A.B. asks: 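My questions all concern the structure below.
Values reported hereafter were calculated over all heavy atoms of this structure, with side chains retained and with hydrogens, waters and symmetry mates removed. Note that the structure is predicted; figures quoted are calculated from it, not measured.
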There are 2 protein chains.
Amino acid sequence: MATKQFTGSSDEADLRRADSLAREIFSDVANKWALLIIEVLGERTLRFSELRNEVEGISHKMLTQNLRMLERNGLAERKVYPTVPPRVEYTLTEPGRALRAMVDLICDWTHQHFGHIEGARRRFDA
Amino acid sequence: MATKQFTGSSDEADLRRADSLAREIFSDVANKWALLIIEVLGERTLRFSELRNEVEGISHKMLTQNLRMLERNGLAERKVYPTVPPRVEYTLTEPGRALRAMVDLICDWTHQHFGHIEGARRRFDA
DNA sequence: CAGAATCCGCGTGGATACTG
DNA sequence: CAGTATCCACGCGGATTCTG
């Protein structure tokens with residue numbers, strides 16, 4: 001990381017802005033529901049109601065809320081078909097898919113270290 | 001993996017158990033503070049008070065709470081030195097470090113898609 | 001210094017009802 | 001079917017206090 005010294009103060013300000021934005025994005029994205037949605041959205045396009053079924057245990061409200069957030073950050077795309085009844089489909093954008101690759105890695109990680117974690121828990125809970 | 005089910009579908013039951021545990025781990029780990037702690041813990045060993053300083057904005061309570069969680073899941077190790085005043089050090093375990101690699105990736109991702117996200121936000125907020 | 005415990009406000013998130 | 005709005009309980013998480 002290029003850490004410019006006190007020379008150009010505008011660079012410094014930019015870095016601070018970038019940093020704070022980064023933390024913001026991180027807070028948005030580093031939450032259970034968002035990651036689960038991204039995971040099930042996968043490569044496919046899904047409707048609202050399908051997502052609701054796939055993301056086990058999510059409430060109507062949390063789903064819309066997180067979908068808005070993903071849309072706002074350009075991670076998912078919302079496509080409305082003006083039919084009746086309405087049909088709305090969600091797809092991951094390229095950045096969304098890139099992020100999903102990492103969620104996949106975390107899932108893999110979970111399964112790889114399963115035994116370790118289960119053991120650690122048993123030991124700790126005693 | 002004991003719990004044999006007399007129906008013969010013990011594998012199925014095991015899978016369900018594994019799945020629910022996986023979701024549990026995921027919920028534990030997929031939260032802002034936990035990931036930030038893992039990130040700053042990095043390869044180094046840090047004391048409680050050092051962590052408190054490094055993890056910008058975390059409260060005393062959240063720090064202990066998350067550290068307990070990490071310890072319970074065997075992602076961080078807690079080492080107490082019986083001196084006075086007490087000295088407690090935290091280190092990532094191997095699974096913890098593996099997870100950290102992914103958090104790093106997410107950080108990279110954040111910076112890579114910075115522009116895209118900022119633009120998407122501006123567009124959305126209009 | 002590390003952390004357990006208590007108090008408590010505020011926001012998260014669920015349930016429900018209503019619109020297009 | 002998708003989405004917004006309202007109500008409200010409960011639990012998160014901050015501040016503070018007290019030990020070893």
A.B. asks: Would you mind reading off the distance between A:Glu89 atom CD and D:dG3 atom P, rounded to a whole angstrom?
C.D. replies: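 So the CD-P distance, A:Glu89 to D:dG3, works out to 11 Å.
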A.B. asks: Take atom CG of B:Asn66 and atom P of C:dA2, then tell me their distance rounded to the nearest Å.
C.D. replies: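 To the nearest whole Å, that distance equals 17 Å.
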A.B. asks: Under 4.0 Å between a side-chain N or O of A:Arg78 and OP1 or OP2 of D:dG3?
C.D. replies: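 Yes, within the criterion.
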A.B. asks: Could you tell me whether A:Tyr90 contacts a base, only the sugar-phosphate backbone, or nothing, with contacts defined as non-hydrogen atoms closer than 4.0 Å?
C.D. replies: sugar-phosphate
A.B. asks: What integer distance in Å separates B:Leu63:CG from C:dA4:C1'?
C.D. replies: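 So the two atoms are 14 Å apart, to the nearest Å.
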A.B. asks: Between B:Arg52 and B:Glu50 (salt bridge meaning N to carboxylate O under 4.0 Å), is one present in this structure?
C.D. replies: no
A.B. asks: Check every atom of D:dG3, C:dC1, C:dA4 against the side chain of B:Ser49 and return the nucleotide holding the closest atom.
C.D. replies: C:dC1
A.B. asks: Measure the distance from CG on A:Asn53 to P on D:dC1 and round it to the nearest whole Å.
C.D. replies: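 These atoms are roughly 10 Å apart.
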A.B. asks: Out of the candidates B:Leu92, B:Thr93, B:Ile38, B:Leu99, only one should pair with B:Leu70 under the side-chain contact (heavy atoms from CB on, under 4.5 Å) rule; please name it.
C.D. replies: B:Ile38
A.B. asks: Kindly compute the distance separating CZ (B:Arg23) from CG (B:Asp28), expressed to the nearest 0.5 Å.
C.D. replies: 14.0 Å
A.B. asks: Can you check whether B:Trp33's main-chain N or O pairs, donor with acceptor, with B:Asn31's side chain at less than 3.5 Å?
C.D. replies: yes
A.B. asks: Look at the side-chain N and O atoms of B:Arg47 and state whether any lies under 4.0 Å from the OP1 or OP2 oxygen of C:dC1.
C.D. replies: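 Negative; the distance criterion is not met.
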A.B. asks: Can we say B:Arg68 and B:Glu71 salt-bridge, meaning some charged N sits less than 4.0 Å from an Asp/Glu carboxylate O?
C.D. replies: yes
A.B. asks: Is A:Arg52 near enough to D:dA2 that one of its side-chain N or O atoms lies under 4.0 angstrom from OP1 or OP2?
C.D. replies: no
A.B. asks: May I ask you to check whether B:Glu89 and B:Tyr81 show a side-chain donor-acceptor distance below 3.5 Å?
C.D. replies: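 There is such a pair (donor and acceptor under 3.5 Å, judged by atom type) between the side chains of B:Glu89 and B:Tyr81.
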A.B. asks: Rounded to the nearest angstrom, tell me the gap between atom CG in B:Leu70 and atom C1' in C:dG3.
C.D. replies: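 Answer to the nearest Å: 16 Å.
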A.B. asks: Return the value, rounded to whole Å, for the distance between atom NZ of B:Lys32 and atom P of C:dT12.
C.D. replies: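 After rounding, the gap between these two atoms is 11 Å.
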A.B. asks: Separation of B:Asp28 atom CG from D:dC12 atom P, in whole Å?
C.D. replies: 12 Å
A.B. asks: Report, as a single string ordered 5' to 3', how protein heavy atoms within less than 4.0 Å touch nucleotides 13-20 of chain C: B base, S sugar-phosphate only, - not at all.
C.D. replies: BB-----B
A.B. asks: My understanding is that only residues two or more places apart in sequence, or in another chain, count here; which of them pass side-chain contact (heavy atoms from CB on, under 4.5 Å) with A:Val80?
C.D. replies: A:Arg78, A:Val88
A.B. asks: Figure out the CD/C1' separation between A:Glu50 and D:dA2, and round it to whole Å.
C.D. replies: 13 Å
